[in-house]
Amino acid sequence: MVKRALLSVSDKTGIVDFARGLEQLNIEIISTGGTAKMLRDAGIETIDVSEVTGFPEMMGGRVKTLHPRIHGGLLCMRGNLEHMGEAEKESIELIDMVAVNLYPFEITVSKEGVNLDEAIENIDIGGPTLLRSAAKNYKSVTVISDPEDYGEVLKELRSAGVVSDTTREKLAVKVFRHTANYDSNIDTYLSKTLLDEDVLRMNFTEGTKLRYGENWHQEATFYKDEAIIGPALSNAKQLHGKELSYNNYVDADNALQTIKEVGNENPAVAIVKHNNPCGLATGNTLCEALEHAWDGDPVSAFGSIICTNTVFDLESAEFLKGKFVEIILAPGFEHAALEYLKDKSSNLRLLELPQFNEAFDTETTYKYVIGGMLKQTRNIGLYEKWDCVTETAYPEEKRGLSEFCICACKSTKSNSVTLAYEYKDGCYVMIAMGAGQPNRVDSIRKLAATKAKENLEIIYEREKPDMSFEEYWQSILSESVMASDAFFPFDDSIIYSDESKIRYIISPGGSIRDDEVIATANRLNISMVFTGMRHFLH
């Protein structure tokens, strides 16, 4: 039963309503400083901590709750006769509830121009001590560190007269997690400021066991980063289908990042298989984009992950009839489309991410290697410059297609090239890609160019245009753009591109043989742009 509560909060959100609820339950309230003033101004009877301790708040508020009459009241084990006897001997009254949140250290040090003295003053001492004392004795004390929990605690007190064991346990764990993060932020800041040492501490929660890892015999768990509130798989809601596997997360993340690169100006669809976009297209409608993305590699699309930047509609759902896919990730689903897809397969995972078209709220990526962690800034941007380096001018009207082609290349494993075509005014499709090769020549000659012809042959047979297939594929490739994720070390890549009638090439440039590469492009009447930005993806 809760008879006395100590309230001392930096974030005063909801504290007046919470205190009023406690008062209505005849719970005595102890408080400090600004919190006590706010409660009294609201007409809530409050006892100052100084009345309990017999000492005034000291040293500018640095010392107020650090006293045996406070911590004895929190740490006393109610079932321990020795503890209870000592409490009675020293006139220590028990405290059954603590609601405390901490000085905003992380917010303070994130401000531009903050100085060390200001940061130091925002290191809370009494608050974490109160929280830890109360959480340590969670079997008898309810501890609240998050205003979001006020409502649930009041609800239980009103209905049952006590806070349940389950709730007290959950709140105690939340406190230790909170204080650990708080101390971690202080460590990170002071290590850099005082010692010039970089400290990386990571915080992941809600570990979810996955079906399996990369292979069936491997175990896997997904941990959520609570700090990420924008578009991320951790914030997606699964509407249907069986649980996810390790590879599902990896592929879906690639699909999400690919579509985010393309943007949301037009409906866009990415189809990902084995951590590479095997299909990517934009369209005037979602279904049009989906159909063209599927044409990018209809064989590899089997068992793939589909991601789109717009609400998934019934027409697109019906297009997938007879086609096996693992996951559809979208900002939302039309009701009719959702019901259709649920009927299509009990295993099909449908992931809804309402934050889809918000900006990513992280600027860094991490990769664990045996014995250490790699940290880097995200690969943001498409190009640093736009220099046509050949005698044949690069048409400005191909800028949009070229940017789309770079987006595709950024998401494809290195060494990579992508081929993209404007199939309708302002609508783009990746017609082929070459990925994951040790040398760029194989990416072009053995993969991208060959795959483009194979894909175009399927379309040719379906649409039956009034020309030979030779004329058909040459007419498309000659108007396509090829993007390379890194420079060409030799001119052989240009020669093989010419053999496939590719006339427009995007490359970062920067090779010691750039002059040789440019000379060959000039000789073959190819137009080439150097962007100055490499896009390796390993």
Side-chain angles (χ1 to χ4, degrees), residues 271 276-283 288-302 390-395 397-398 400-402 404-406 408-409 412 415-435 437 439-484 488 490-507 517 519-529:
I271 302 176
N276 278 301
C278 60
L280 182 66
T282 63
E288 183 177 59
L290 177 57
E291 289 174 355
H292 282 83
W294 197 270
D295 280 340
D297 191 342
V299 174
S300 297
F302 178 87
T390 51
E391 294 170 358
T392 303
Y394 201 93
E397 59 267 24
K398 289 199 178 289
L401 173 62
S402 302
F404 171 86
C405 197
I406 298 172
C409 202
T412 307
N415 279 329
S416 69
V417 296
T418 50
L419 286 168
Y421 178 66
E422 186 170 13
Y423 67 89
K424 184 186 291 187
D425 187 25
C427 297
Y428 312 124
V429 58
M430 182 180 74
I431 56 175
M433 59 87 170
Q437 300 305 299
N439 72 74
R440 200 162 303 280
V441 171
D442 283 350
S443 292
I444 297 169
R445 181 169 61 97
K446 295 181 179 179
L447 295 179
T450 301
K451 195 66 180 177
K453 293 175 186 176
E454 290 177 356
N455 292 337
L456 291 173
E457 187 171 13
I458 295 172
I459 300 170
Y460 177 83
E461 292 297 327
R462 183 180 68 216
E463 298 184 354
K464 302 188 184 305
D466 187 20
M467 62 179 79
S468 69
F469 176 65
E470 185 80 7
E471 294 172 312
Y472 176 70
W473 74 257
Q474 288 187 12
S475 68
I476 290 180
L477 288 186
S478 64
E479 290 299 324
S480 296
V481 167
M482 185 182 82
S484 173
F488 299 116
F490 302 98
D491 68 348
D492 47 4
S493 294
I494 307 302
I495 293 170
Y496 287 121
S497 299
D498 175 69
E499 288 180 357
S500 293
K501 309 305 178 186
I502 296 166
R503 317 312 306 159
Y504 305 102
I505 297 176
I506 307 292
S507 164
V517 170
T520 299
N522 286 332
R523 177 172 59 83
L524 298 172
N525 295 318
I526 289 175
S527 179
M528 184 163 57
V529 163

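- Between the side chain of Y460 and the main chain of M467, a donor-acceptor pair closer than 3.5 Å is present.
- Between atom CG of residue L477 and atom OG of residue S497 there is a gap of 10.5 Å, rounded to the nearest 0.5 Å.
- Counted by atom type alone, R503 and S527 present zero donor-acceptor pairs between their side chains at under 3.5 Å.
- Rounding to the nearest 0.5 Å places NZ of K453 at 11.0 Å from CG of L419.
- The shortest side-chain heavy-atom distance between M433 and V417 does not fall under the 4.5 Å cut-off.
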Item checked: Step-by-step side chain to side chain contact (heavy atoms under 4.5 Å, CB included) determination, I458 to D295 -> CA-CA 8 Å; I458 295 172; D295 280 340; 5.5 Å; no
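- Here the straight-line distance linking atom OH of Y496 with atom OG of S443 works out to 13.5 Å at 0.5 Å rounding.
- The shortest heavy-atom contact between L447 and G434 is CB-CA, 3.7 Å.
- Proximity of K451 to N455: side-chain heavy atoms (C-beta onward) are separated by under 4.5 Å at one or more points.
- When all heavy atoms of A521 and M528 are compared, the closest pair comes out as CB-CE, 4.1 Å.
- Shown here for A452 and A432, the closest heavy-atom pair between the two residues is N-CB, 3.5 Å.
- Counting all heavy atoms, side chain and backbone alike, T392 lies closest to N522 at N-OD1, 4.4 Å.
- Of all non-hydrogen atoms in L401 and E479, the two that sit nearest each other are CD2-O, 4.0 Å.
- For the pair T390/I526, no side-chain contact is recorded, criterion being any heavy-atom separation below 4.5 Å from C-beta on.
- Side-chain atoms of Q437 come within 3.5 Å of backbone atoms of A435 as a donor-acceptor pair (strictly under, hydrogens ignored).
- Listed by chain and number, the residues in a ring pair (Phe, Tyr, Trp, His ring centres under 6.0 Å) with Y421 amount to none (sequence neighbours excluded).
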Next item on the list: Output, in order, the C-alpha distance, side-chain angles, deciding distance and verdict of side chain to side chain contact (heavy atoms under 4.5 Å, CB included) for Y472 and I459.
Entry: CA-CA 10 Å; Y472 176 70; I459 300 170; 3.3 Å; yes
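- W473 places a side-chain heavy atom less than 4.5 Å from the side chain of K501.
- A salt bridge is absent between R445 and D492; no separation between the charged side-chain nitrogens and carboxylate oxygens falls under 4.0 Å.
- Checked against I494 for a side-chain contact (heavy atoms from CB on, under 4.5 Å), the options T520, I502, I444 give a single hit: T520.
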Using residues 422-430 as the side-chain source, report each donor-acceptor pair under 3.5 Å to any protein atom, sequence neighbours left out, with the distance given to one decimal.
unit_1: E422; atom_1: OE2; unit_2: G426; atom_2: N; d: 2.7
unit_1: Y423; atom_1: OH; unit_2: T282; atom_2: O; d: 2.6
unit_1: K424; atom_1: NZ; unit_2: E288; atom_2: OE2; d: 2.4

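- Using a distance-only test at 3.5 Å, with no hydrogens or angles considered, a donor-acceptor pair links the side chain of N439 to the main chain of D442.
- Rounded to the nearest 0.5 angstrom, S300 OG and I271 CD1 are separated by 10.0 Å.
- Summarising the geometry, atom CG belonging to D498 is positioned 8.0 Å from atom CZ belonging to R523; distances are rounded to the nearest 0.5 Å.
- You'll find the side chain of T418 stays beyond 4.5 Å of the side chain of M482, heavy atoms only.
- Taking CD1 of I505 as the reference point, atom OG of S480 lies at 12.0 Å (rounded to 0.5 Å).
- Between S478 and Y504, the shortest heavy-atom distance links the atoms O-CE1, 3.4 Å.
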Check: Given the rule in the side chain to side chain contact (heavy atoms under 4.5 Å, CB included) test, do F404 and V481 qualify, once you have shown the distances and angles that lead to the verdict?
Finding: CA-CA 10 Å; F404 171 86; V481 167; over 6 Å; no
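- A side-chain donor-acceptor contact under 3.5 Å links Y394 and S402.
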